Structures are given as C-alpha cells and as structure tokens.
Asker: 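The structure is given below, and queries will be raised subsequently.
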Amino acid sequence: MGSVIDLPLIAGSFVVAVVVGLTGMGGGALMTPMMMLFFNVPPLAAVSSDLVASAVMKPVGSVVHLRRGTVNLRLVGWLAAGSVPTAFCGVFLARAFAVTDAVKYALGVALLLAVAGMALKSWFAGRGGTSSAHEIVVRPIPTVLVGMVGGLVVGVSSVGSGSLIIVALLVLYPTLKANQLVGTDLVQAVPLVAAAALGHVLFGDFQLDLTVSLLIGSIPGVYLGARISSRAPGGLIRAMLAVVLLASALKLLDVDDVVTVCALVAAVVVIVAGALLRRRAAARRAAADPAPQVPARARP
C-alpha cells in the first residue's frame with residue numbers, strides 16, 4: 001500500500017472491532033482474513049501488522065480487569081511461561097513458509113479450531129461455578145501446554161489469543177466465573193501477543209501503514225462495541241461470529257463454493273435448532289420450578 005492511511009481498511013477494521021467489542025473474541029480470527037481476502041494483503045504481512053496492532057490495544061482492557069480483581073495471576077504466569085517462547089518461535093515458522101500457501105492454510109485450520117472452540121464454550125456455558133479466581137487450584141503442566149500450543153498458533157496465524165485459549169481455560173478450569181475467565185485470558189494475551197509482535201517486527205513482514213490504519217479503525221470500534229455490548233443479544237452475536245469465522249476458514253482453505261454454502265446452511269440450522277432446544281429447556285425448568293407465591297399480608 002502506497003499511502004499511510006487506507007480509508008477502506010480503516011472502515012473494515014472498525015466493523016471488525018465493533019464485533020470484537022460485542023463478543024470479546026474474534027480479533028485476529030476476523031482481522032487477518034479480512035486483510036487477506038478483501039484487501040489482498042500477503043499472509044505474512046497481514047499476520048505481522050495485526051499482531052502489532054493487537055499488542056498496542058490488549059493492555060487497555062487488561063488494566064480494567066486488573067483493577068476489578070478478575071484476573072488469576074498464577075494462571076497468567078503459567079500460560080505465559082508456555083506461550084511467550086513458542087509465540088516467538090511461531091514467527092520463524094511463518095517466515096519459513098511465507099513462500100508457500102502454508103500460512104494461509106494454517107490460518108484456515110486455526111479458524112476452524114476457533115469455531116469448534118466457540119461451540120464447546122457454548123456447550124459448557126451452563127456449567128460455570130461460583131468460585132473466585134483465588135480458589136482455583138492451578139494445574140501447571142496442562143496450563144503450560146495450553147500456553148505453548150496457543151502461543152505457536154498465534155505466532156504463525158495471529159489467531160488463538162482469545163478464541164482458542166479462552167476455551168481451553170474453560171475446559172481446564174470450569175469453575176472460573178465468566179468475568180474471571182475473560183480477565184485472565186485477556187491479561188495472559190498481553191505478553192503472548194507482545195512476544196509474537198516483536199518477532200514479526202524483527203523477522204516477519206511488519207508494515208507500518210497497515211498497522212496505523214488498523215489502529216485508527218479498531219480503537220473507536222472496540223470502544224463502541226463494548227459500550228453497546230450490554231444491550232446486544234450476546235448469543236445472536238456469537239452465532240453470527242461463528243458463521244463468519246467458518247466462512248473465512250473455508251475460503252482460506254480453498255473449499256469449493258457449493259460445499260461452503262452447504263456447510264454454512266448446516267451451521268445456521270444447527271445454531272437455530274440449538275437455540276430452540278435451549279429455549280424449550282428453559283421453559284420446562286421454569287414450569288417445574290415456579291416462582292414462590294408471596295402470601296397476602298394479614299389485615300390488622
């Protein structure tokens with residue numbers, strides 16, 4: 001790109017950032033494919049610029065969660081021990097495969113994993129406990145392994161710091177509250193993304209004009225999405241995000257258009273059916289456990 005400011009890219013990053021603000025996930029999973037599919041940005045350049053932009057924005061939300069006490073710092077430490085070195089190493093893999101389509105295919109696989117992760121998160125959503133972040137018994141070895149895998153995926157594709165790792169945390173620590181889960185994941189993503197971004201600045205294909213345009217569009221978009229997230233139907237937004245991620249993954253993997261359409265239709269049918277089943281289950285629970293009637297006050 002010849003100019004420092006790219007208005008269409010700013011508009012696109014703004015839209016993606018609004019979705020991220022609404023759902024709390026999908027930054028790299030949407031931003032990098034958007035640059036590759038709609039703006040013809042080379043895969044390595046898209047990953048590099050997206051990670052550097054994320055490294056600038058991630059600490060903002062982290063400070064908020066740290067002030068609210070919704071972060072398990074022990075979990076953050078073990079995750080970072082695994083993710084920081086592998087994220088840096090992932091840059092060398094991305095660099096080595098830059099001459100082929102391996103980076104694009106790796107991103108497509110990562111997006112499929114993100115969709116599967118979102119489905120698992122929805123499945124386990126009703127199992128959240130009430131323990132506080134300080135009562136969680138940390139499991140160092142599986143936590144480090146999650147960090148290593150997540151860091152490697154982020155270093156290669158820029159996807160995983162939110163969509164993948166947060167689901168792995170949910171499976172490992174199902175008693176974490178939702179805000180603790182999000183806060184811990186967001187804070188652990190800061191050193192992870194910073195390591196991957198540094199590697200891409202040094203050895204990747206970082207382009208300042210791309211990053212500036214991403215930041216100009218993303219910062220107000222994330223703010224707007226966060227402001228309206230409390231009023232938006234979160235389940236619907238996450239369902240839409242899953243469909244978009246699936247479409248992006250199939251496109252990056254060069255899947256036939258007919259197969260892609262059939263897969264998207266099937267995904268929409270599953271989402272609608274799942275929503276109907278959850279609504280019926282909630283109605284049955286409400287009927288089986290009616291609200292207690294308040295007795296009328298006795299007259300004096």
Side-chain angles (χ1 to χ4, degrees), residues 20 24-29 31-32 43-66 70-98 102-103 106-107 109-110 113-114 117 133 136 138-173 176 180-206 211 214-215:
V20 174
M25 62 177 62
M31 198 75 75
T32 303
L44 189 59
V47 172
S48 299
S49 300
D50 180 36
L51 280 172
V52 174
S54 296
V56 174
M57 293 184 292
K58 288 282 185 184
V60 178
S62 300
V63 171
V64 175
H65 281 278
L66 285 169
T70 55
V71 179
N72 188 310
L73 292 177
R74 289 193 63 201
L75 275 180
V76 170
W78 286 112
L79 286 169
S83 66
V84 170
T86 56
F88 201 82
C89 293
V91 181
F92 293 97
L93 291 177
R95 182 78 176 182
F97 294 142
V103 173
L107 179 58
V109 173
L113 292 175
I136 298 299
V138 177
R139 302 161 61 188
I141 293 179
T143 304
V144 170
L145 291 176
V146 167
M148 291 176 65
V149 174
L152 186 64
V153 174
V154 170
V156 172
S157 67
S158 82
V159 178
S161 63
S163 302
L164 299 180
I165 292 181
I166 197 171
V167 175
L169 285 177
L170 182 63
V171 174
L172 280 177
Y173 304 100
L176 274 175
Q180 296 164 354
L181 188 68
V182 173
T184 300
D185 177 70
L186 187 59
V187 173
Q188 69 82 26
V190 173
L192 163 58
V193 172
L198 177 61
H200 276 277
V201 168
L202 296 177
F203 308 108
D205 189 17
F206 166 67
T211 306
L214 290 178
L215 287 173

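The structure presented is a predicted model; accordingly, all values stated were derived computationally and were not measured.
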Asker: In Å and rounded to the nearest 0.5 Å, what is the OG1 to CG distance from T32 to D50?
Answerer: 3.5 Å

Asker: Which heavy atom of G199 sits nearest a heavy atom of V91, and at what distance?
Answerer: O-CG1, 3.3 Å

Asker: Minimum heavy-atom separation for V201 to F206, with atom names?
Answerer: CA-CB, 4.1 Å

Asker: Roughly how far, to the nearest 0.5 Å, is the CG atom of L73 from the CD atom of Q188?
Answerer: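 Those atoms lie 12.5 Å apart.
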
Asker: Measure across S48 and H200 and return the closest heavy-atom pair with its distance rounded to 0.1 Å.
Answerer: OG-ND1, 2.7 Å

Asker: For the residue pair L192 and A87, what are the closest heavy atoms and their distance?
Answerer: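 Smallest heavy-atom distance, with atoms named: CD1-CB, 3.5 Å.
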
Asker: Looking at CG of L169 and CG of L79, how far apart are the two atoms once the value is rounded to the nearest 0.5 Å?
Answerer: 5.5 Å

Asker: With heavy-atom distances below 4.5 Å as the criterion, would you say the side chains of L145 and I141 are in contact?
Answerer: yes

Asker: Between T184 and N72, is there a donor-acceptor pair closer than 3.5 Å when you use the side chain of the first and the backbone of the second?
Answerer: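 Side chain of T184 to backbone of N72, a donor-acceptor pair under 3.5 Å: yes, one is there.
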
Asker: Taking all heavy atoms of A80 and all of P191, pick out the closest pair and write down the distance.
Answerer: CB-CG, 4.1 Å

Asker: Going from OG1 on T211 to CG on L51, what distance comes out if it is rounded to the nearest 0.5 angstrom?
Answerer: 9.5 Å

Asker: Using every non-hydrogen atom in the two residues, find where T86 and M148 come nearest and quote the distance to one decimal.
Answerer: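 The answer is OG1-O, 2.9 Å.
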
Asker: Tell me which one of V146, L75, L172, V144 satisfies side chain to side chain contact (heavy atoms under 4.5 Å, CB included) with R139.
Answerer: L172

